[in-house]
Each structure stands twice: as structure tokens, then as C-alpha cells.
Amino acid sequence: MFLWKNAVVLVVLLGAVTLPASMLVRARWEKAYLARLYFCGIVAVCLALSALPMIATQIGYLLLLTACFDRRLPMAATYLFFLLWTPAAGSLLAVSGAYIAPITPFLTFSGALLLGYLLHPESHQRRKPVGSDLAVLGFTLVYCVCMSLRDTPTGIARTVVTFLIPYVLSYQTLSRVKIGSPEIVLRLFVFAAAAAGLLCLFETIRHWPLYAGVMGVKNDIWTVDAPRIWLERGGIARAYGPFAHPLTGGTMLGLAAVAAWGLSRIRGVSGPLSVFGGLILLGLAATLSRSGMVAVAVGLMVFQFLRGRYLLAVLVPLAGLVIVLGLPILGGEDARFNATYRIGLLSGVPRALGGHLWFGYREAVAQGMLDSFIQGQGIVDLVNAYLALLVEGGLVTVIAFLLFILSAFPHYRAIKRLQPDREQLILAQVLISIHSATAVSLALLSSWVAPMQLSFIMVALLVALRTQLETAGATARTRPPLVAAVPDEPGERLPVLR
């Protein structure tokens with residue numbers, strides 16, 4: 001069984017975005033690589049929409065991503081394309097495989113990164129330990145330990161395979177590879193986001209969620225996380241795209257809009273780049289997500305602040321606030337109820353946890369401790385990643401995650417001291433802006449897997465860029481100075497006159 005109509009639409013949508021992407025290439029080989037990326041992108045879509053078992057689907061993702069790694073291209077660029085375009089983004093098709101060791105897209109992607117790292121030794125760079133290494137390991141270990149309390153050995157194995165291994169492996173691999181061209185990293189990121197934005201726009205206009213039938217075609221209801229409820233706001237359908245929830249999709253597209261703005265500072269404003277930016281913003285609008293608008297506002301505010309344009313840094317969030325409050329579909333009674341509900345969560349959840357506040361109590365929802373926060377859909381939706389971490393891992397996990405967030409900012413200061421070129425500096429500013437916007441947006445999200453993954457990637461790229469600049473500086477300092485030497489001429493030397 002195969003959802004061929006859905007596949008045809010997705011192939012056409014990706015092809016429509018590939019055309020302007022081909023106008024942004026800088027070298028002839030990039031066009032051939034873009035064709036390879038397009039082919040692998042449509043194969044990934046067909047795997048998701050086919051009756052192929054989920055284990056085979058995830059293995060296919062691993063092979064496709066590994067096949068797209070190229071020695072002339074930063075591994076991070078290819079990885080970001082797959083993270084946003086495939087239905088793996090945001091934990092769609094999240095859990096599959098054996099019960100003890102579930103195979104998730106993030107796990108297969110981290111495995112592909114490891115394979116690419118082994119197959120392309122020319123991209124390696126040696127680096128010294130940094131504070132973010134300890135922060136990443138500390139957060140993942142603390143979270144896994146707290147989640148494993150009162151759990152069975154099988155549950156502990158699932159937690160380790162789902163969280164500890166992919167997060168640490170992805171961070172360590174991407175932080176140890178070179179970033180040859182900052183521009184192409186941002187370009188492929190924006191390319192994938194534009195394709196996802198066009199998909200969101202199509203779903204809202206046609207009222208057709210293209211990945212909603214995956215559970216049926218794979219005959220796998222329990223282990224596939226796909227759209228099950230068609231959400232609406234103000235009578236307008238909210239698009240899912242390749243994401244698990246419209247909130248996740250809006251946030252990811254909002255973060256990509258920050259990358260698109262940074263890319264325009266490198267390449268200048270052009271027609272194809274304007275098309276990409278427009279598709280990303282239209283896709284964000286199709287999700288009807290306030291968190292996405294917050295991500296755009298915070299990301300652009302931090303970006304302009306880092307570039308020394310303080311007036312724009314103040315005007316951007318003010319403009320976002322006017323849009324959120326001024327549009328009836330985003331404001332009104334729904335917005336007031338949403339704000340009241342979120343404020344009630346901030347005080348009510350810690351009080352409901354009681355003595356489990358420090359180390360969390362993941363059984364709190366199942367045992368009815370949070371039943372007072374059940375929404376109209378009949379579920380407890382925490383709509384706040386920090387509260388979700390508090391429930392599952394306690395206050396120690398929240399503190400460890402905040403330390404991880406703060407560990408990224410010293411890297412930007414170090415990069416500035418190393419005198420990067422213009423493209424490298426803009427990339428660093430985009431990375432820290434996206435990381436900051438993610439930290440704020442997580443307070444508005446219930447499905448937080450994809451934004452947190454992206455935050456780990458941003459920190460890894462900051463570490464990689466810092467290492468690359470330190471290596472280049474050390475090489476320049478150890479290089480012997482060029483001294484003009486007088487050539488020896490044949491002949492008899494005269495004695496020295498005293």
C-alpha cells in the first residue's frame with residue numbers, strides 16, 4: 001500500500017522550491033549535489049508514505065543521509081536539510097522498532113552523522129574540551145537518571161536510547177567537523193525550511209494533511225506519532241507540515257526565518273532568497289502559532305543587537321507584539337484563555353508535584369496529580385517545555401538545561417576575539433540568535449523535541465566554528481615568516497676586510 005497522491009504532491013512541492021535553490025548555487029558541482037539532495041528528499045518522502053515497516057523506514061533515512069554527505073560540503077548543511085524536510089522533524093514518526101531499544105529518526109540521524117564522520121576523515125578537526133561538553137553530558141545524564149527512577153530495566157533502556165545516545169552523539173560529531181562554507185550551511189537550512197513552509201501552506205489551503213494517513217498505511221497505530229486531530233483556530237485549519245504539531249512547526253519555521261535573514265546579510269537580497277523568505281513566513285502563518293512569531297521576534301532582536309543596531313533590536317519585538325495582539329485570529333478570547341491557562345500552570349504544577357519537585361515524577365499525569373489542568377481536548381497539555389522537564393526530571397533537570405543554554409554564549413565572545421571573516425561572524429550571530437530564540441520559545445511549546453534538537457545543533461556548530469578559527473590562528477602563528485634571501489652566485493668569495 002502506498003499513498004501515491006500524497007507522494008506526488010510532496011514531490012512537486014519540493015521540486016518547486018528546488019528551482020529557486022538552483023539559482024543560488026555558486027559552483028557547478030553544487031547543481032549536481034542539489035539534484036542528489038532532491039532525489040534523496042523525495043525517496044525519504046516515499047519511504048514515509050509506503051507500507052514499508054517503520055524499522056526499515058528509519059534505516060532508509062540513515063542510508064539516505066549518509067549518501068548525501070559530501071567532502072566538499074559541511075556535514076551540518078546536509079543534516080539540517082534532512083532535519084527540516086523529512087517527517088522526522090519534531091518527532092513525527094517518532095517511535096518505532098523493538099520495545100527495548102526504539103529506533104527514532106533522531107537516533108538514525110545521529111548514527112548517519114557517525115558514519116559520515118568515519119567516511120570523511122578530511123572533515124575532521126581536533127579540539128580541546130569546552131564547557132558545553134560538560135553541560136550537554138550533565139543535562140542528558142541528569143534527565144535520564146531522573147526519568148529512570150522507579151522505572152523497569154526495559155524503560156531505562158528506552159530512555160537511554162531515545163535521549164542520551166542521540167543527543168550526545170549528534171553534539172559530539174557536529175562539534176568536531178569543519179565548517180568550510182558558512183553560507184552553504186545557512187542556504188540548505190533555509191532551502192529545507194522553505195520546502196516545509198510551502199507544505200504547510202498547501203495543507204491549510206487544501207485542508208489536506210499529507211502525513212496524516214501514515215499510521216494506517218503502515219498498519220502501526222501505537223508506535224507512529226502522526227497527526228491524529230485536525231486543529232483549527234478561528235475556523236482556519238492549522239497546518240502540520242512535516243512536524244508533529246503546529247506549535248512545533250511554527251517555532252521551527254520562525255527559527256529558520258532568522259537564518260534566512262542572516263543569509264540575506266551574506267548574499268544580499270535577491271529574488272530566489274526573497275521567495276524562500278516568503279515561503280517560510282507564509283508557512284509560519286499557516287500554522288497559526290504564536291510561538292513561531294515569538295521565535296522570529298526574539299531571534300531578530302538578538303541578531304540586530306549583536307550587529308550593533310539597537311533601535312531595530314527594540315522595534316522588532318514591539319512589531320511582533322502589535323501583530324499578535326492586533327490580529328483577531330491570534331488575540332481575542334482565545335488568547336486571554338490561553339494566557340490564563342499558562343499562568344495557572346506556572347504556579348499549579350510545582351504545587352501539585354509537592355515532594356517530587358526536585359527529581360520529578362513522570363507518573364504524575366497517569367496518576368491524576370495534574371487532572372485539574374485537563375484541557376477541552378481531554379488531555380493535560382503543559383504547553384511549556386520547562387514545566388515538562390520539571391514534571392519528568394525535576395528541578396535538577398531544569399537547572400542542568402539552563403546551564404546548557406548559558407554555556408553557548410562564551411563561544412560567541414571567543415569567536416569575536418579570534419577575528420573571523422564576515423561570513424563566519426554572521427554565522428556565529430545567527431547561531432546564537434537561534435539558540436536564544438529557542439530558549440524563549442520552549443516556554444510556549446508542548447512538543448519540544450525538534451526545537452531542543454536544533455538548540456543542541458546550534459551549540460555544536462558554535463563549538464566547531466570556534467575550533468576552526470583557533471586552529472587557523474595557531475597555524476598562522478607557527479608559520480615561518482617570509483624573508484627574502486639573496487641567491488648565492490657562483491664565483492670566488494673575497495676575504496672580509498677589517
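Every ring-ring contact (aromatic ring centres under 6.0 Å, His included) that Phe456 has, sequence neighbours left out, goes to Tyr167, Phe404. Every residue two or more places apart in sequence or in another chain that forms a salt bridge (Lys or Arg N to Asp or Glu O under 4.0 Å) with Arg127 is listed here: Asp133. In this view, Leu164 and Thr140, Leu141, Cys144, Val160, Val168 satisfy the side-chain contact (heavy atoms from CB on, under 4.5 Å) rule, not counting sequence neighbours. Arg265 is linked by a salt bridge (Lys or Arg N to Asp or Glu O under 4.0 Å) to nothing, counting only residues two or more places apart in sequence or in another chain. Shown here are the ring-ring contact (aromatic ring centres under 6.0 Å, His included) partners of His124, two or more places apart in sequence or in another chain: Tyr117. By the ring-ring contact (aromatic ring centres under 6.0 Å, His included) test, Phe276 pairs with no residue at all, sequence neighbours left out. Every residue two or more places apart in sequence or in another chain that forms a side chain to side chain donor-acceptor pair (under 3.5 Å) with His435 is listed here: Ser455.
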Could you list the donor-acceptor pairs under 3.5 angstrom formed between side-chain atoms of residues 7-28 and any protein atom two or more places apart in sequence or on another chain?
from	atom 1	to	atom 2	distance (Å)
Thr18	OG1	Leu14	O	2.7
Ser22	OG	Leu19	O	2.5
Arg26	NH1	Glu423	OE2	3.4

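Note: Phe139 and Phe401 have tilted aromatic rings, judged against thresholds of 30 and 60 degrees for the angle between ring planes.
Between Phe163 and Tyr143, the ring center distance clears the sub-6.0 Å criterion. In this structure, Tyr61 has its ring center no closer than 6.0 Å to that of Phe82.
Results of the side chain to side chain contact (heavy atoms under 4.5 Å, CB included) test with Leu454 over Leu255, Val459, Thr251 single out Leu255 as the only residue that passes.
Within the structure, salt bridge (Lys or Arg N to Asp or Glu O under 4.0 Å) contacts touching residues 3-23 (residues at least two apart or in different chains) do not occur. For residues 25-52, there are no ring-ring contact (aromatic ring centres under 6.0 Å, His included) pairs, not counting sequence neighbours. For residues 33-61, every residue pair satisfying the salt bridge (Lys or Arg N to Asp or Glu O under 4.0 Å) rule, not counting sequence neighbours, is listed here: Arg36-Asp70. For the salt bridge (Lys or Arg N to Asp or Glu O under 4.0 Å) condition, the pairs that include at least one residue of residues 186-199, sequence neighbours left out, are Glu30-Arg187, Glu183-Arg187.
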(Q) Go through it in stages, so that I can follow the logic: the residues are Leu188 and Leu37, the test is side chain to side chain contact (heavy atoms under 4.5 Å, CB included), and I'd like the CA-CA distance, side-chain angles, deciding distance and then a yes or no. (A) CA-CA 10 Å; Leu188 289 189; Leu37 206 60; 3.9 Å; yes
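Taken from CG in Leu64 to CD1 in Ile42, the straight-line distance is 10.5 Å, to the nearest 0.5 Å.
For the pair Phe189 and Ile434, the minimum side-chain heavy-atom distance is below 4.5 Å.
Remark: Arg71 CZ is loosely packed, at most 12 non-hydrogen atoms of other residues, nucleotides or ligands lying under 6.0 Å away.
With hydrogens and angles ignored, the 3.5 Å screen pairs no side-chain donor or acceptor of Arg176 with any backbone N or O of Gln125. Thr86 places no side-chain N or O within donor-acceptor distance of the main-chain N or O of Leu83, the cut-off being under 3.5 Å.
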